[in-house]
Structure formats: C-alpha cells, structure tokens
Amino acid sequence: MTAALPGTPAHHTPQARDRWLARRRWARAGWLYAFMLVMSFFFLGPFVTGLLSSLKDNPNEYPPTLNIPQLTPQFITRAWQLGVQGGGDGWQGGLKPGRSVSFEVSVQSPAGAPQTPPTVALFPYQPVSLVAVARQAQAKDYAALTTEQVAQRNDVRTYRVTVKSPVLTRQTGDPVRAVLVAPDANLRARLPGGEVVPVVLDTPEAQAKQYELNEGQAVELVRGPGGYALRGPLFERTPLQVDVVRGQSIVGSTLPPSDRQNFGRSFAYRNITPGVLGYTFNNYRRAFNETRDGKSGRSLFFSWVMNSFLYAFLRVAAAVVFCSLAGYALARMQFPGKNLIFLGAVLFVQMVPTQVNLVSNYVLLKDLNLLNIWGLWLSGLVAAGGVFLMKQFFEGMPRELEESAAIDGAGTLTTFFRVMLPQAGPALIALAITQFQGAWNDFFWPLVILRENTSFTLTVGLSNFRELYGGQGDYGLILAGAVLSAIPVIILFVVFQRYFVDTGADSAVKG
Amino acid sequence: MRQHRSQTPTAYLFLAPFLITTAIFFFYAFGRALYYSFTDFNLFNTPKLIGVAPYADVLGDPSFRRALGNSLVFALVTTTLQTIGALLMAVALNNKIRGMGFFRSAWYMPSITSSVVITLIFLWLFQRRGIANYLITQWQAYQPLILTFLGTLLALQVGQVLWERARRLPAGWLDPALAAVSALGALAVTGLLAWTGVVGAREVAPFDYQYFADKWIEVGGVRVLSVPLLVVIIQNTFTTIPTLMLFFLAGLQNIPGALYEAADIDGATPWQKLTRVTVPMLRPVTFYVVTVGLIGTMQMFDQVAVIGSAAPPDTLVTLAYYVYTNTFKAGAAPVNMASAAAIILALIILAMVFVQRRFFPSEAS
C-alpha cells in the first residue's frame, strides 16, 4: 500500500502516515456497514412493513404509522380479558349465550356542550367476499345493550357499555358446542362427535329466531329431557358503534377504535370481544375463517395450504429419485445418444418458454381427467434443472469410488444405490430444497391446471384473494395471506441457508 | 467398448422417467403447439390445417403487438437494470467484513419469496394512498432539510479535501474518513438550522399518484413504457438482484488477487479497477446472467396475472399473458393464435440467446 502514496512528503513520520491510513480503513468499513444496513432495509423493508401492516385493523391507514395498537401489551391484555368475558376464551374471544361484556368509553363534554351519554349500537358484520357464502348470525339481532356512567373527572365522563347475550332456553345443564346442518322441517345440528340431532326450541324467543339461522352456524345446545335445546348462536365477533353529539368527543376506550367517522364523533369497534387471536391476528384468522367452501364448509385457505404442501412434497420426492438417476446416467455412463439427450432434453428444455406447452398439456390432462394436483405433479415430474444439478454433482465426484466398487464385483445398480447415492447427500438436500421452493412458489402451471377452488395451491388462491378482496381495498386479508404463504420458505431458508446460496451459482460460473 | 454396450440398457433405464415425461409433456406438447398454430383449433372443434393464417391473425392483432412491445421493453430494461445492480452489489459484498452472513441472508429474502407474494405486497405499497406515495410526500416535505444536508456535506468534503491536499496528503474526492467527518458536520449544521427555524419541513399536499392506471411514458408520440409496467420492472429488479448477485460473487472470488495488486502498483483508482479489471474478468458470468435474465424476463407472467384487472389490460399484457388469456378466453378460445404467439415467443428467446452467443462469445461456454 505504501507504494500507492507517491505524494507522501518527507516531513510526515511513518507513524503519522500509518495512523492516516488506519483512519481511512476504519472510515471505509464504517461506510460499508452503513451501505449494507441501508440495503438491508431496502430488501427487507417491503416484507417488514407488509408483516406489520397485516396486523393492523386498516393496513391502508394514511398517513401510515408504525404505532400499532395490536402490538401494545396493554391492548393485547384487554383483548384477552374481553375475550374471556364474552366467550370464556382469551385466545379466540367471541360472544356466547348468557355472557355479558363491559366496554368502557370516555367522552369529553366541555362546559356548554350537551352532556348527554353516547348512543351505542351493535352493527352487522359480514365478510366482504363471495368466498364466504353462508350468512352468519349477528350479535346485533340477539344481544341487549345498556349504558351507565361509571366515573367523571373534570369534563370527561366514563360510560360502561354492557353487552348481554341472552339464553334462549329454560333448560339448564352443560352447554355443548354444535354446528347447524342443512335443515329439513326442523333445525338439526351436528355434535362434536359427529352425531346429528334435532334442535329443540323451547321458548318463544328461540322460536322467533328459527328462520334466521343458516346452515354452518355455530350454536350452543343444552341437553334436556326433550332433546338438545338451543341455548343460542355463537358469535365470532361483537361489532359496536359509539356516537356522540356535536361538541362532544370520544377521548378513550377499552380498545382503540377500528374506524373513526363523522369528524371523530362516530367510532366503530369491529369487535369488542376479540381475544388475542381476534385482535392481534384478526386478519390471519379471517384468512382461514372467511374463506369457506359453500358445499363442505371447510376452510378454503386451509385446503390451499395443504395442497401446496402435498404438491411440494410430491415434487421433492420425485425429483430426489428421478433427477439423481438421470443425472448419474448423464454424468457417468457411456451410451449412444448421450450428448443429444443432454443438449435436447436438458438444455433446450430450459430455454423454451413453458407457455408453448400450455395448450397441449392442458388438453392432454383434461382428457385424462387429471386437472388436479396429480396432473400438476405428473406434468412436471422430472425437472430438467434438477437433472442438470445432479449431473454436475456426479461429474465432480472421484471416479475411484466406482472403480473400487467395480473391482469388488458390484454392478451398475449396486454401485449407484450403495456407493454413489449415499455420497450425494449435500446435492440431494440442495435439490430437495430448490424443488420445494420451486413447487411452493410455482404459479403458472397451477393456475392453468387447477380449476376447482378447493384444489388450488396457495399461490393461485392468493391471486384469487386479490381478485375478490383487492377491489374493496381489503389489503389486511391479502397481506395476511401473503405473509402466511411466505413463512414455510423463509423457515426453510433460515435453516438451510447455505444450500440456497450454494446451489447453481458455482456450477454456472465454472460452466 | 464391451462395457459401454452393457451400460446402455441401464443408462436408458435410469433415464426412462425423465425421457418419458419430457417426451410427453415437452416434445409432444411442442409439436402439438406447432401443429395447432397452423390450424383453426379453438379448444372445442377438431383442428383443421389452415396454413399460416393464425400467424397473420396474431401479427395483425393490436393486443399482440402491444404484448410484444411490452415484453421486449420489459426484458431489455429489466435485464439491464438487474445486471448492473447485481454487479455493483456483488462488488460491495465482496469485501471481507464481519456480519457478511447476516447481510447476505437479509438481501436474499426477495429471491426466495414467491412472485405472487411480492406482487401483492407491491400492489399494496403502490396504491394511490400507499407507502410509496407517502414516502414521496415525505421526501417533498423534507426537501429543504435534505438539500441543506447534501449541500453542506458537499461543501465540507470539498473544503477538507483541498485542505488535505494543501498539506500534501493524497486525499481522493471520496476519501471515506473525510466523508465521515463531512457527514457529521453536515448533520450538525442541518440540525442547528432546523432548531433555529431557518430551514424546516414544508407543507405539501399528499402525493396522490395513481400507478395502476392507463398512463404511459411516450417517446415521440409512441407509447413505449406504461407506468404499471414500470412498477413491475422495479419489483422484478428488486427480486432478481440478490440471485444474480450470487453469480457475480462466485465469479469475483475466481478473479486472481494479483490483478488488483498490479492495478494498485500502477496507481489505478477504484473506478478504473472496476472497469478495467473486474468487469472484463466477469465477462463469462455476465454472459450467463444476461442469458438467464433475458430468458426469464421474456416469459414474465406471474406479476401480470396477479395484478390482472387492477390495471388496464394494455398497460401490462405480455406475450406469456397473451398466450394464457387467448387459451382460456370465454367462449371459443383462439387457441391457434395462442399457439402461434407461443411459438413466436420461443423463437424470439432462442434468437436472443443465439445472437448473444454469436456476438458476445464468452470463455465459459
């Protein structure tokens, strides 16, 4: 380095010069770290903001803020307590028959302004999308509200709103959770054991509601002498609206509002009995709960996750077996047509766009009745890229292994399965990981081949989410779905990082 | 030789699953697509040969020409941006410093996540009242402070470098130690000015740009690049830079250090080292990266399909998406046109790879 300092004058001592150079080195490292950090923000930023915003009530909040009540311990604790009050469950929350919930609202009414208590009402909540077909019972049609003033400090009054959910039967006993099934003349419900029982409506209040309850509605029953009596429907959420008159303002409440309107005089609380999952992870819970198949009532989102796992697993299994076989043959065996196969079936295949095969493969799989996960798997059974990877790997292995196996009298098959394949561990892991990632993130073929929304993989399902919810700007659900679908690959990446970083790059550079 | 012959059946046995599926789902499909592209097939009738009419139909279809234009612009712009970006990032990352593992993994995140997830996040970021517009609003609001900072930084740096040179120390214009001092000084000056109220944030109206609308960048009255496609270009560059960076990193590690030492002895500046040593030595990798980039970007589909109806069709249609929509058009689908378009797409990609191989030969291939 000293040679690079031709202008260094004589009156600078060597020590001073060394210090000068050291200072420069430190500063250089400092700038480098600063640059790295900025780039890390750049590359991680979209994911982190997406993740944080997916927890918000309204991810489209403007101006956006990183102050998220859903992550505040105070509000999470309250969400838990309200969940326990309403549904007896601090995680899931909800409102059960016979429970009552108190929710406090503080209203500021300066001197001269009206001193009236706020108007409170429950409002209906229905999922916005068409995916959720069945209409669920609403707390507003059942529960009763009362408001009382509990405290006053200066001009701020605190009111307690009590939501009481009625019991629709005179029977007493242990309540059982059940789900209504398609009704005939009478209501019927499926018990947790799978048994379908008729539902008895033993009070006028219960009978008044019998035509409002739909198939798929979760209810609570009590076993009585005449059969299972309806205690009441179970509500997943209790949406509350609080309005004050002009001159007053709402200055505090047990949970922060989901929405403010009418110049801050009208507050909407999407759910006052959320529980922790319903509060902090509301959008995630919605992703699973609001996408139900009309026929079976199963969560579509859950099916998509399962389909993605199944497809990824099938792809990995096939690749590990078939790609290593083909790669080994191309790397180590002598046979006519070897170069042609390598050029034609490995290199050319990777160069031609998949859209060329779209029509033919679609028609073929349709004729075979394979427009499902199995058809998807079959059409991409052996990935050319995987064959290439395994070929490169086997070419790099020492020949002595095979030669010594041959001297010991092993045939080709024995050599492959007993000697070569056990040595291929790292390459097989790399292959499995890239195949899993490829299958999990695959979009084009699943979109083409999967036609039933129950057989979608997660990527196709998410793009469906975009169509259904994007129009309404309901990005909470979309972001939650996106975060959930990114998690498996991120976990895989964190665990097997070096395989992600090692695959491909070296072999491609060395040609 | 006898041994070779005896290996032939085993080899074909090993290759059988691969060859059979490739034959059915690739070569047979390829042939059938070629055949359909000369017929009147519409997914429901029996195909009948009608010559090159589908190709003429496709070339005459304004939507196809838009798709072709969009695809080419997208491929060229994205490949250029991602190659340059990946190269620069790799050069920065090639320094041996602590914590490199963390940075590498952090930067690699966009590459492992699916394009669908990233497209959804970008759709959200680039909404009308989204984070992208919010950041632009903030930039406009804090412009006086930022400009003050940058101006002071520049002035301090120039002053310091001149002073060092007056003391006959060989300080470069970008000397890192001096720059650190300048940055701290500029921060202090800006903080002081903001505190005394001389400069401050401006009041600006929220920046309300709608990205996913029928907006175009025109050159000489010709629509070249649509704004939604520009967002997809940004997104694609963002996701591919880390992957391509790895290829460059592997390449950089193969450059002998002696070359840099020789450059140092000749008194080369960092910029000269980059352009005269690093870039020429990375030619084989660059060749590979550009080839992969072109093949990948010409087939761009996922982003368009996910954005779908959120943007006007013309602004985003690409060749791959054109093939898809024509195959699954409601009613009678012009599958023959879709096939013709797919064949044209394949020819373009093969031609691009061929031209690159022919005119930019590399040592590696």
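In what follows, every heavy atom counts, from backbone to side chain, and hydrogens, waters and symmetry copies are set aside. Residue numbering restarts at 1 for every chain, and letters A, B, ... go by the order of the sequence lines.
- Heavy-atom distances place both the backbone and the side chain of B:Ile112 under 4.5 Å from chain A.
- Using a 4.5 Å cut-off between heavy atoms, B:Tyr324 contacts chain A through both its backbone and its side chain.
- Contact count against chain A (heavy-atom pairs under 4.5 Å) is highest for B:Ser309 among B:Gly130, B:Ser309, B:Ala16.
- For chain A, the nearby part of B:Asp175 is the side chain; its heavy atoms alone come within less than 4.5 Å.
- In this structure, no portion of B:Leu347 lies under 4.5 Å from any heavy atom of chain A.
- The part of B:Thr21 that comes within reach of chain A is its side chain, from C-beta onward, which places non-hydrogen atoms under 4.5 angstrom from that chain.
- In plain terms, the two heavy atoms of B:Ser111 and A:Gln437 that are nearest each other are O-NE2, 3.6 Å.
- Within a 6.0 Å radius of CZ in A:Arg23, more than 12 heavy atoms belonging to other residues, nucleotides or ligands are found.
- The minimum heavy-atom distance linking A:Ser308 with A:Leu458 is given by the pair OG-N, 2.9 Å.
- Comparing B:Ser105, B:Ala305, B:Pro242 by how many heavy-atom pairs each has under 4.5 Å with chain A, the most go to B:Ser105.
- Most heavy-atom pairs under 4.5 Å with chain B, from the set A:Val349, A:Ile341, A:Ile490: that is A:Val349.
- Per-residue heavy-atom pair counts under 4.5 Å with chain B were compared for A:Gly50, A:Gly327, A:Pro353, A:Ala329, and the maximum is reached by A:Pro353.
- No other option in A:Ala29, A:Ala27, A:Pro64 has as many heavy-atom pairs under 4.5 Å with chain B as A:Pro64.
- Taking chain B as the reference chain and counting heavy-atom pairs below 4.5 Å, the highest number among A:Phe348, A:Tyr328, A:Trp26, A:Trp440 is found for A:Phe348.
- Of the two parts of B:Gln127, only the side chain, counted from C-beta on, holds a non-hydrogen atom closer than 4.5 Å to a non-hydrogen atom of chain A.
- Interface residue B:Met89: only side-chain heavy atoms are found under 4.5 Å from chain A.
- Interface remark: B:Phe301 contributes side-chain atoms only to the contact with chain A (heavy atom separation under 4.5 Å).
- For B:Thr113, the parts lying under 4.5 angstrom from a heavy atom of chain A are both the backbone and the side chain.
- Neither the backbone nor the side chain of A:Leu492 comes within less than 4.5 Å of any heavy atom of chain B.
- Counting only heavy atoms from C-beta outward, the side chains of B:Ser71 and B:Tyr322 never approach each other to under 4.5 Å.
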